[in-house]
Amino acid sequence: MGNLENHFGDDASLDIEDTKQILDFLVKNSAENSTMQSSLMFLKSIDNKDIIAMSQTDFWEKTHRDIPKEIFDLDEVMSKSNCKACHTDIEKGLIENENIKNINSFIF
Ligand code: HEC
């Protein structure tokens with residue numbers, strides 16, 4: 001949020017009010033302020049490494065290592081960062097086991 005004029009090659013600058021609102025949301029919903037087990041696992045895994053994506057953490061790599069790599073290239077999934085393709089309740093901040101899509105339901 002501190003360098004939005006150079007956001008992955010794009011200028012994503014916002015006015016002061018929007019910046020403040022988004023920053024407040026991010027801080028309020030950050031892993032540091034969560035009591036969810038997975039948040040703590042991600043934080044521990046990030047440690048002080050320079051990681052900008054959850055899917056780059058050792059914790060993510062470990063919990064997803066049994067998933068065939070081709071699944072992430074399917075049209076329904078598209079990328080590792082599309083958590084919702086497999087974790088249907090992730091927008092509520094939840095990763096309940098019963099809501100993880102069955103990997104065998106993806107057709108190759
Ligand atoms: C292709 C489907 C798929 C995608 C995309 C995916 N996951 Fe998962 N994830 C799974 C599966 C399947 C498991 C369960 C693995 C197991 O138990 O062996 C899992 C497990 C997890 C767990 C561990 C849950 C636990 O209770 O141990 C976390 C946390 C998690 N995923 C977070 C994420 C996040 C965050 C993203 C996006 C950055 C993501 N996943 C993207 C399929 C996916």
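This chain uses plain numbering: 1 for the first residue, then up along the sequence. Side chains are part of it too, since the values below use all heavy atoms of this structure and drop only hydrogens, waters and symmetry mates. Order of listing sets the numbers, starting from 1, for every ligand and every atom in it.
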What protein heavy atom is closest to atom 25 (C) of ligand 1, reported as residue, atom name and distance in Å?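 Closest protein heavy atom to atom 25 (C) of ligand 1: N97 OD1, 4.1 Å.
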For atom [atom1] of [X], is the number of surrounding heavy atoms from other residues, nucleotides or ligands below 6.0 Å larger than 12?
| X | atom1 | answer |
| --- | --- | --- |
| K92 | NZ | no |
| E91 | CD | no |
| H64 | NE2 | yes |

Using a distance threshold of 4.0 Å (strictly less than), state whether atom 17 (O) of ligand 1 has a protein heavy-atom neighbour.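 No, there is none.
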Atom 8 (Fe) of ligand 1: protein heavy atom closer than 4.0 Å?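 So atom 8 (Fe) of ligand 1 has protein heavy-atom neighbours under 4.0 Å.
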Just jot down the ligand 1 atoms closer than 4.0 angstrom to any heavy atom of [X], in number order.
| X | answer |
| --- | --- |
| N82 | 5 (C) |
| K80 | 37 (C), 38 (C), 41 (C) |
| S38 | 29 (C) |
| F72 | 1 (C), 4 (C), 5 (C) |
| I103 | 2 (C), 12 (C) |
| I71 | 1 (C) |

Taking [X] for its side chain and [Y] for its backbone only, find out whether a donor-acceptor pair lies under 3.5 Å.
| X | Y | result |
| --- | --- | --- |
| S55 | S81 | no |
| D11 | S13 | yes |
| N99 | T88 | no |

Positive for side chain to side chain contact (heavy atoms under 4.5 Å, CB included) with K20, one of I22, L23, D24, D18: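 Only one option passes, and that is D24.
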Please work out which of the three classes, parallel, tilted or perpendicular, describes the rings of F72 and W60, given edges at 30° and 60°.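 W60 vs F72 ring planes: tilted.
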Side-chain contact, heavy-atom cut-off 4.5 Å: V27 with E32?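 The answer is no, as the side chains (C-beta and beyond) never meet within the 4.5 Å cut-off.
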May I have all residue pairs that pass side-chain hydrogen bond (donor to acceptor under 3.5 Å, both in side chains) and include part of residues 34-49, sequence neighbours excluded?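 Sorted pair list: S34-S39.
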Atom 8 (Fe) of ligand 1: which protein N, O or S atoms are under 2.8 Å away?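 Atoms qualifying: H64 NE2, H87 NE2.
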